[in-house]
Participant: 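Got a structure for you, questions after.
In what follows, chains are A, B, ... by sequence order, proteins preceding strands, each numbered from 1.
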Amino acid sequence: MSELALRTDALGRTYRKARKRWWKRTDPAASKEFVALDGVSLEVKPGELFGLLGPNGAGKTTLIKILTTLLAPSSGRAWVDGLDVVADAKALRPFINMVSGGESSGYGILSVRENLWLFSRIYGVANAVINQRIDAMLAVVDLADKANSRVSHLSTGQRQKMNFCRGFITDPKVLFLDEPTLGLDVTAARNIRKFVKEWIAEKPGRTMLLTTHYMAEADELCDRLAIIDKGKLLACDTPANLKRQVQQHSIFELSHTPGSGGLIEVAGLPGVHQATTTETPTSIELKVLLREESAIGGVVQQVVQSGGRILTLKKVEPTLEDVFIELVGHGLNA
Amino acid sequence: MNETYRTLRWSTWLGWQIESNWADIRLFVLYLIVKPICGSMMLVCMFYAAKYATAGRVPAEFLPYIFVSNACYGLVGMVMFGMSNVVISDRESYRMLKYVFISPAQFQAYFVGRGLARALEGLLGATITITTGLLLPDIRAAVNADGFDFGWLVVFLLLGAVMLWACGMILASAVLNMSRSGMFLSEGIAGVVYFLSGVVFPISVLPTGLQYVGLSLPTTYWLEGMRRAITGRAPASSPLAQSPLAKWDTGELALMLLATTIVLVVLSQLFYRWSLRKAWRNGKIEEATGM
Ligand SMILES: Nc1ncnc2c1ncn2[C@@H]1O[C@H](COP(=O)(O)OP(=O)(O)O)[C@@H](O)[C@H]1O
Ligand SMILES: [Mg+2]
């Protein structure tokens, strides 16, 4: 057990919604319990960059909160670096750190450098290396020119970048990144992904748990990943192995104009394993997983007969999105 | 212990940065000098109003009594508000409470350090107010100049610091499990304690039941001790000597302050642990409650 960086055993978390107050009338439906995590069992080895992939509300943040000792589990147990997150929380804390994306945290009155310096001190980083580490991290996120600016003068994105630095500056053994690229621009997100990969490779024994709802990010970064939805673990494997699950199907993307009679139903056609449609303002994007490639003829015919005009048609490689649809029954952003 | 000391150091530094970083010096003056002095001057004016209304039958020693204890009480309010406000500001606006919580820092020492910076500010305010008061001839004349006792002042300040720590932790713990509206809690509690601990009148004025409540609060003994250390004891002929505390000598007062403070410290620590556990269970440490 101690050779695992992370382990959860049937971990569960229930949130109690709105407590009953005698002076307030409460909607009985609202005071029900809500299961955010449902018996999640995971194992992550040291050195792994492990991803948690799931739509909003899947329970990713809840899982991270429990693993970082911020929130109590309702059932099951969890260990980080061999230490129980409940019983050994104090012993564990020096070795972990966390970054939540998409929020602007930081002491506004302090400068970026002071904020980072403060956290280095909290974790007991030696004075001699603090400044050098801060400079290196600020360069990664392209924030060096803001080092001496007050945090209250930064934009949300810049604060998020500072927060990202805060996670790495304490040199944690296990690092938790919760949607680190959420809301960042393309270049910044790309730099962060590049750095994350370098960081994990730089020193053996470093482990990272990263959550995201961007499929491509999970595919690019993670050694292994778990797909979760509605608090349940649906699959856990390498991105390549996960995609192999849907490789037996031929996948086509078809874009067409709306038919005369609303949405065109193709899911029931012979040879069609699964179909998902996304509407854009100008067209309808249809993605079909076919048991045999020849079934595409029937799909095309159906679209044309329903009055739709085909704009593009192409065969594509399976992505994690297809795996997700296969497992969950709907798209990630649906 | 080592971790506690380290946390205390950086959190006091942080607290001082936050408290002293006044963007506008005029606001600083308004907050730290004008506001407390105005509060005290209001009491001074009420004293004169009562004096004229009763054709001078209000004894002169009432003036330093209310003036000094009101100034000292400012410190209590400031620390209680300061420490409970750490929870709200760090959780809701800085959004750093969760990162401090999951760090190796000693979580309680974090509040204490932030409170310490507040207390320094409060001490400064109280000193400025009392000094200003001494410029008033009436107050200066009423103060028993021989009564000032530096030794006892140090004793009561030290015991008071422990008492303020316990008061602050109780408030901070309660706010952990409350939303942003917890802001009003410290004001409310400070008001009740102000009423019960004989700040502007001797507690003998209160109904008997409430007198017992007042006598169980360490703030009552602390304020009496601070008044004696600064202005000396009220003359035996004064109505102020009707107060149940007037018969106590200063050593007894200090011992009683110590005893009630120990009880308060134990209660505050139990309450802190219980509250922190509850907040961790219910996800209140990181929750930005909005509102
Ligand atoms: N403090 C809370 N009280 C009640 N419900 C919550 C609380 N925090 C999260 N939830 C619910 O739990 C579910 C999982 O949330 P979360 O773990 O934040 O999901 P994710 O990070 O995957 O988007 C969501 O449906 C959310 O509404
Ligand atoms: Mg989340």
Side-chain angles (χ1 to χ4, degrees), chain A residues 13-17 19 34 36 61-62 64-74 80 85-86 89-100 102-111 114-115 117-125 150-152 156 159-160 163 166-167 170 172 176 178, chain B residues 2-24 86 89-110 113-114 117 176-179 181 276-291:
Chain A
R13 171 71 209 191
T14 309
Y15 287 111
R16 244 204 340 259
K17 296 230 165 132
R19 196 146 54 96
F34 180 85
T61 301
T62 302
I64 285 205
K65 282 177 186 170
I66 293 174
L67 293 175
T68 53
T69 76
L70 186 56
L71 181 70
S74 306
V80 176
V85 296
V86 174
K90 221 178 194 144
L92 171 62
R93 286 181 181 144
F95 305 106
I96 59 170
N97 206 341
M98 169 186 61
V99 176
S100 315
E103 59 162 47
S104 47
S105 49
Y107 296 107
I109 214 93
L110 302 181
S111 70
E114 284 169 330
N115 263 283
W117 177 85
L118 189 68
F119 262 80
S120 312
R121 298 296 301 148
I122 298 178
Y123 283 79
V125 178
R150 255 199 201 181
V151 167
S152 54
T156 310
R159 280 182 181 218
Q160 199 176 328
N163 198 22
R166 190 188 46 70
T170 64
F176 298 86
D178 194 4
Chain B
N2 195 12
E3 192 52 64
T4 304
Y5 173 67
R6 194 160 70 178
T7 306
L8 214 49
R9 252 183 41 183
W10 66 257
S11 58
T12 308
W13 175 82
L14 174 66
W16 187 250
Q17 296 298 313
I18 293 174
E19 301 303 339
S20 69
N21 220 320
W22 294 83
D24 191 336
V86 170
S89 68
D90 275 44
R91 183 172 59 192
E92 254 95 330
S93 42
Y94 304 134
R95 292 170 166 274
M96 293 301 278
L97 196 65
K98 59 174 172 180
Y99 294 123
V100 174
F101 182 76
I102 66 157
S103 80
Q106 218 274 333
F107 202 51
Q108 181 172 185
Y110 178 64
R114 294 282 299 271
L176 265 179
N177 286 296
M178 293 171 82
S179 66
S181 56
L276 192 61
R277 208 174 157 74
K278 186 173 171 204
W280 171 69
R281 283 226 187 91
N282 296 341
K284 294 286 183 191
I285 295 163
E286 90 291 2
E287 193 179 40
T289 42
M291 296 165 80

Participant: With rounding to the nearest 0.5 Å, note down the distance linking CZ in Phe101(B) to OG1 in Thr69(A).
Facilitator: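 Reported value, rounded in 0.5 Å steps: 5.5 Å.
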Participant: Measure Arg9(B) against the heavy atoms of chain A and call it side chain, backbone, both or neither at under 4.5 Å.
Facilitator: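 Arg9(B) touches chain A through side-chain heavy atoms alone.
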Participant: Can you name the closest pair of heavy atoms from Pro94(A) and Pro104(B) and give their distance?
Facilitator: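 For Pro94(A) and Pro104(B), the tightest heavy-atom pair comes out as CA-CG, 3.7 Å.
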Participant: For the interface with chain B, which of Arg166(A), Lys65(A), Arg13(A) has the highest count of heavy-atom pairs at distances below 4.5 Å?
Facilitator: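 Looking at each of Arg166(A), Lys65(A), Arg13(A) in turn, Arg166(A) comes out on top.
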Participant: Are Tyr15(A) and Asn282(B) linked by a side-chain donor-acceptor pair shorter than 3.5 Å?
Facilitator: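 No donor-acceptor contact under 3.5 Å links the two side chains.
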Participant: Return yes if a side-chain donor-acceptor contact under 3.5 Å exists between Thr68(A) and Lys98(B), otherwise no.
Facilitator: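 Side-chain D/A pair, Thr68(A) to Lys98(B): absent.
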Participant: Starting at OH of Tyr107(A), measure out to OG of Ser89(B) and round the result to the nearest 0.5 Å.
Facilitator: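 Nearest 0.5 Å value for the OH-OG distance: 8.0 Å.
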Participant: At a 4.5 Å cut-off on heavy atoms, which part of Ser103(B) comes close to chain A: side chain, backbone, both, or neither?
Facilitator: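 Ser103(B) touches chain A through backbone and side-chain heavy atoms alike.
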Participant: Just verifying a value: how many Å separate Met96(B) CE and Asn115(A) CG, rounded to the nearest 0.5 Å?
Facilitator: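 It comes to 5.5 Å.
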Participant: Select one option (side chain, backbone, both, neither) describing which atoms of Leu118(A) are under 4.5 Å from chain B's heavy atoms.
Facilitator: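 Looking at Leu118(A), just its side chain touches chain B.
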Participant: So Trp117(A) and Trp10(B), ring pair (Phe, Tyr, Trp, His ring centres under 6.0 Å) or not? Walk me through it.
Facilitator: CA-CA 10 Å; Trp117(A) 177 85; Trp10(B) 66 257; 9.5 Å; no
Participant: Check whether Val151(A) gets within reach of chain B through its side chain, its backbone, both or neither, counting any heavy atom under 4.5 Å.
Facilitator: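 For Val151(A), no heavy atom lies under 4.5 Å from chain B.
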Participant: Mind ranking Ala89(A), Ser74(A), Ser100(A) by heavy-atom pairs under 4.5 Å with chain B and telling me who comes out on top?
Facilitator: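 Most heavy-atom pairs within the cutoff with chain B belong to Ser100(A).
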Participant: For the candidates Lys90(A), Glu114(A), Arg121(A), Glu103(A), which exhibits the highest count of non-hydrogen atom pairs separated by less than 4.5 Å from chain B?
Facilitator: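 Going by pairs under 4.5 Å, I would pick Glu103(A).
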Participant: Closer than 4.0 angstrom, basic N to acidic O: yes or no for Glu3(B) and Arg93(A)?
Facilitator: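 So Glu3(B) does not pair with Arg93(A) through a salt bridge.
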Participant: Check whether Leu92(A) gets within reach of chain B through its side chain, its backbone, both or neither, counting any heavy atom under 4.5 Å.
Facilitator: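 For Leu92(A), there is no contact with chain B at all, as no heavy atom is under 4.5 Å.
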Participant: Looking only at heavy atoms, which two atoms of Ala105(B) and Ile122(A) are closest? And how far apart?
Facilitator: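 Looking at all heavy atoms of both residues, the closest pair is CB-CG2, 3.8 Å.
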Participant: From Ile285(B) CD1 over to Leu71(A) CG, what is the distance, rounded to the nearest 0.5 angstrom?
Facilitator: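 So the gap between those two atoms works out to 8.5 Å.
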Participant: Please find the pair of heavy atoms, one from Tyr123(A) and one from Ile102(B), that lie closest to each other, and give the distance.
Facilitator: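 Shortest heavy-atom separation between Tyr123(A) and Ile102(B) comes out as OH-O, 4.0 Å.
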Participant: Sort Tyr110(B) into side chain, backbone, both or neither according to what part of it lies under 4.5 angstrom from a heavy atom of chain A.
Facilitator: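 Just its side chain gets close to chain A.
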Participant: Should Leu14(B) and Ile109(A) count as side-chain neighbours, where that means a heavy-atom distance under 4.5 Å?
Facilitator: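 No, every pair of side-chain atoms sits at 4.5 Å or beyond.
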Participant: Check whether Ser104(A) gets within reach of chain B through its side chain, its backbone, both or neither, counting any heavy atom under 4.5 Å.
Facilitator: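 Only the backbone of Ser104(A) comes within 4.5 Å of chain B.
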Participant: Side-chain contact, heavy-atom cut-off 4.5 Å: Tyr94(B) with Ser105(A)?
Facilitator: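 No, every pair of side-chain atoms sits at 4.5 Å or beyond.
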Participant: Looking at every heavy atom in both Trp280(B) and Leu70(A), which two are closest together, and how far apart are they?
Facilitator: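 Taking every non-hydrogen atom into account, CD1-O, 3.4 Å.
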Participant: About how many Å separate CD of Glu286(B) and CE of Met98(A), when rounded to the nearest 0.5 Å?
Facilitator: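 These two atoms lie 8.0 Å from each other.
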